[in-house]
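Keep in mind that this is a model prediction, so the values were computed, not measured. In what follows, residues are counted from 1 in the order of the sequence shown. Remember, it's 1-based here, ligands and their atoms both numbered in the order they're listed.
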Amino acid sequence: AAVEAPVPRVGVVVFLLKGKAVLLGKRRSSIGDSTFALPGGHLEIEIVSHSELRSGESFEECGARELMEETGLGIEKVEFLTVTNNLFLEEPKPSHYVTIFLRAALADPEQVPQILEPDKCDGWDWYEWDNLPQPLFWPLQKMVQEGFNPFPICSNS
Ligand code: 8DG
Ligand code: MG
Ligand code: MG
């Protein structure tokens, strides 16, 4: 079989915010194994037949779909935050991701995350922004180090 040349892919990940906390899960993956990362995955397109594109996704649709697939959580107020360029050259499978970071809120604040893809994630939990677990998946670690904060600016604090 022909070996396909690697191309950059688009990752869409979500800062799901609840009070002062954010949802993170410990990854099980060839990229960033055993590090704490945001829920999310690949931007997808659906192809019906050879070169016939049926439908693509918006970033917001992708974020909501990945959250549902990975945690069973419904989300709302999905907003674009930022984008980063991430080269994973040291990983077992070298790859390149342009990663879209969104923020969202729980549609139902009572709903709890489920581990729907146990082969990809050891478990989900809420972590306060001031007390994040270690090690973080490095694209996230880098943002935290640079002072990025996913929470909306609060005028009365
Ligand atoms: P899929 O089959 O469900 O589409 O893919 P997935 O297995 O859920 O993909 P993923 O690895 O969770 O996410 C896609 C890529 O996004 C990941 O390989 C690298 C990039 N990415 C970052 N930061 C983060 C992050 O914090 N969480 C996740 N999940 N992916 C991230 O650059
Ligand atoms: Mg996924
Ligand atoms: Mg994922």
Side-chain angles (χ1 to χ4, degrees), residues 4-18 20-48 53-107 111-151:
E4 266 184 62
V7 292
R9 299 188 72 188
V10 179
V12 177
V13 302
V14 182
F15 287 98
L16 183 57
L17 307 180
K18 186 183 168 186
K20 292 179 188 169
V22 59
L23 188 74
L24 297 173
K26 198 186 240 188
R27 284 173 73 77
R28 299 190 59 186
S29 168
S30 59
I31 299 175
D33 190 52
S34 297
T35 63
F36 289 90
L38 301 164
H42 300 91
L43 195 63
E44 283 179 9
I45 54 173
E46 198 185 340
I47 307 215
V48 201
L53 176 65
R54 187 192 287 166
S55 65
E57 290 183 304
S58 68
F59 299 152
E60 292 78 8
E61 284 166 346
C62 178
R65 177 183 54 74
E66 285 289 339
L67 251 294
M68 189 54 73
E69 287 174 3
E70 297 186 352
T71 71
L73 296 172
I75 61 175
E76 62 177 33
K77 298 184 193 147
V78 189
E79 290 174 74
F80 172 81
L81 288 183
T82 191
V83 57
T84 64
N85 193 30
N86 301 298
L87 288 142
F88 302 92
L89 301 179
E90 311 297 309
E91 302 287 338
K93 194 176 151 208
S95 52
H96 181 175
Y97 282 93
V98 172
T99 310
I100 309 295
F101 291 83
L102 307 174
R103 131 173 111 206
L106 279 170
Q111 218 192 338
V112 293
Q114 294 167 262
I115 308 164
L116 297 183
E117 295 178 343
D119 53 322
K120 290 188 179 181
C121 177
D122 277 345
W124 300 106
D125 214 338
W126 301 98
Y127 297 92
E128 295 219 336
W129 191 250
D130 297 339
N131 193 18
L132 294 173
Q134 287 292 327
L136 290 175
F137 190 24
W138 74 253
L140 182 58
Q141 176 65 31
K142 191 162 173 273
M143 291 166 83
V144 171
Q145 263 162 9
E146 289 168 355
F148 181 84
N149 188 314
F151 290 83

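Considering OG1 of T82 and CZ of F148, their distance stands at 6.0 Å, rounded to 0.5 Å.
By the 4.0 Å N-to-carboxylate-O rule, R65 lies close enough to E57 to be salt-bridged with it. Using a 4.0 Å cut-off between a side-chain N of Lys or Arg and a carboxylate O of Asp or Glu, R28 and D122 qualify as a salt bridge.
Cation-pi contact between R27 and F36: absent, since separation from the ring centre below 6.0 Å together with deviation from the ring axis within 45° is not met. The cationic atom of K20 (NZ for Lys, CZ for Arg) does not lie both less than 6.0 Å from the six-membered ring centre of W129 and within 45° of the ring axis.
Counted within 6.0 Å of OH on Y127, heavy atoms from surrounding residues, nucleotides or ligands total more than 12; the atom is thus considered enclosed. E90 CD: 12 or fewer foreign heavy atoms inside a 6.0 Å radius.
Residues F88 and F137 place their aromatic rings such that the two centres sit under 6.0 Å apart.
In terms of heavy atoms, G32 sits closest to T35 at O-OG1, 2.7 Å.
Take a cut-off of 2.8 Å around the Mg ion (ligand 2): the protein N, O or S atoms inside it are E66 OE1, E70 OE2.
For ligand 1, the protein residues within 4.0 angstrom (heavy atoms only) are G11, V13, R27, A37, L38, G40, G41, H42, E66, E70, N86, F88, Y97, T99, K120, F137, P139.
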